[in-house]
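Report on the following structure.
Keep in mind the model is a prediction, meaning the values are calculated, not measured. First the proteins, then the strands, lettered A, B, ... as listed; each starts at 1. Side chains are part of it too, since the values below use all heavy atoms of this structure and drop only hydrogens, waters and symmetry mates.
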Number of protein chains: 2
Amino acid sequence: MSPAEEVMRDVADVVMPDLLSGSIPYQIRLLQIASYKSFEQRVTGYGSAPRYFGMLKIVEANPGIPQARLAEAIYLDRSSLVPILETLTREGWTLRRKTATDKRVRRVFLTDTGQARLQALEAEVRAHETMVVKGLTAADKSTLLGLLARVDANLRDYFGETA
Amino acid sequence: MSPAEEVMRDVADVVMPDLLSGSIPYQIRLLQIASYKSFEQRVTGYGSAPRYFGMLKIVEANPGIPQARLAEAIYLDRSSLVPILETLTREGWTLRRKTATDKRVRRVFLTDTGQARLQALEAEVRAHETMVVKGLTAADKSTLLGLLARVDANLRDYFGETA
DNA sequence: TATTGTTATACTCTATAACTATA
DNA sequence: TATAGTTATAGAGTATAACAATA
């Protein structure tokens, strides 16, 4: 068997192109996938809530937010939010109330038990974040968030110009 | 109408919780979504290839890589890779050849035209990256990649310990 | 006319399990 | 027994278009 006929048997032997290793969007993408997977794997026992933790925190901070505003805040079409709220309402996290002054609008709230369970979930979220940023000093984290914010500003400019 | 009855009309009025603004995994997640969306919106005329650019670069750097190794390199199940390769092969980017020494294995290559078109696509990818990191110095980019690599190391440790 | 929430629908992406052929 | 590729299938998650109610 000539060397050219041998078959690669181990991922460790795969050559990663420099272009990818040095690409900030590519690294962010890989990191996001790994971070999200580890989060979902670790945080169990909260039904569908972990994946909507950010959204639930926004509801907590904006009690009675209209569905359309909530959808915009998490960059979803308002039709995509409907099944999510149905699930979270069925699981007891959220409730929707009609608005007296504008009968088109339904306002979203946390239930009392949703509020309480969100505290417990938040502790798990913080623990996960601690794992993710282990070894980074407060200055490192601040630097990282600052650089990510600058990248985010570029993307907002881009969408602002093209929208 | 009492103030409490007024309805929020603008996303700008939504309060973003500090926990989210200061969360590195959450910011990475939002950034990834925005970055990927801007990339797909900008780079057109290359069929399905833009979303698999990273994979195509890995094939380029590892000509003849077995499907199973390629799937591992991009963190996909090997069954998920099959329809992707069927599409890219149908569009003329890739080809698969059986291996003489191990008849189970199919090795993946770029076609000549795939190789040539990948050069043109790469120019678009670089232009997109330039937009994303606009305003960052070489030192900033290096710092950002270094901090992301440290986060990535934490996640690899985590998966290494739990797998 | 425009907005809100909803429904119907379709498409993309992914994993799991089971199969075949080979090793 | 284990591995490589495939197929069938199912489940998220999302968007678009069209609708009724309301502004």
I need the CG-P distance between B:Leu88 and C:dT12, as an integer number of Å. 14 Å
Whichever of A:Met8 and A:Ile84 has its nearest DNA chain D nucleotide further upstream toward 5': A:Met8
At 4.0 Å (heavy atoms only), tell me whether A:Glu40 reaches a base, stays on the sugar-phosphate, or touches nothing. nothing
Heavy atoms only: give me the nearest B:Arg156-B:Tyr75 pair and the separation to one decimal. NH2-OH, 3.0 Å
Is there a side-chain contact between B:Thr111 and B:Thr94, using heavy atoms and a 4.5 Å cut-off? no
Rounded to whole angstrom units, what separation is found between the CD1 atom of A:Ile74 and the C1' atom of D:dA15? 14 Å
With a 4.0 Å limit, can you tell me whether A:Gln67 has a side-chain N or O closer than that to the phosphate oxygens OP1/OP2 of C:dT6? yes
Side chain of B:Tyr52 (C-beta onward), nearest among C:dA15, C:dC13, D:dA15: C:dC13
What integer distance in Å separates B:Arg106:CZ from D:dT7:P? 9 Å
Have a look at B:Leu81 and say if it touches a base, only the backbone sugar-phosphate, or nothing, with a 4.0 Å heavy-atom cut-off. nothing
For B:Glu86, which contact category applies under a 4.0 Å heavy-atom criterion: base, sugar-phosphate, or nothing? sugar-phosphate
So for A:Arg78 and C:dG5, does any side-chain atom that can act as donor or acceptor lie under 3.5 Å from a complementary atom in the base? yes
Check the side chains of B:Ser48 and B:Glu91 for a donor-acceptor pair under 3.5 angstrom, ignoring hydrogens and angles. yes
Quick one: is A:Arg97 getting a side-chain N or O under 4.0 Å of the C:dG5 phosphate, OP1 or OP2? no
Around atom CG of A:Asp10, are there more than 12 heavy atoms of other residues, nucleotides or ligands at under 6.0 Å? yes
Are A:Ser80 and A:Asp77 linked by a side-chain donor-acceptor pair shorter than 3.5 Å? no
With respect to the phosphate group of C:dT4, does any side-chain polar atom (N or O) of A:Arg69 fall under 4.0 Å of OP1 or OP2? yes
Rounded to the nearest angstrom, tell me the gap between atom CG in B:Leu85 and atom C1' in D:dA4. 13 Å
By nearest heavy atom, map B:Val82 and A:Pro83 onto DNA chain D; which one lands nearer the 5' end? B:Val82
Gap between atoms CD1 and C1', on B:Ile33 and C:dC13 respectively (whole Å): 14 Å
In whole angstrom, what separates A:Lys37's NZ from D:dA12's P? 16 Å
B:Ser79 (side chain) and C:dT16 (base): donor-acceptor pair under 3.5 Å: yes
Atom pair distance, as rounded to whole Å: OH in A:Tyr36 and P in D:dG13: 6 Å
Hey, does the side chain of B:Arg9 come within less than 4.0 Å of D:dA23's phosphate (OP1/OP2), counting only N and O? no
Over all strands shown, is B:Asp77 touching base, sugar-phosphate only, or nothing at heavy-atom distances under 4.0 angstrom? base
Compare every heavy atom of B:Asp13 with every heavy atom of B:Met8, then report the nearest pair and how far apart it is. CG-CB, 4.0 Å
Using whole Å, what does the distance between atom C1' of nucleotide C:dT3 and atom CZ of A:Arg104 come to? 4 Å
N or O in side chain of A:Arg51 less than 4.0 angstrom from D:dG13 OP1/OP2: yes
If only side-chain N and O atoms of A:Ser80 are considered, is one of them under 4.0 Å from the OP1 or OP2 phosphate oxygen of D:dA15? yes
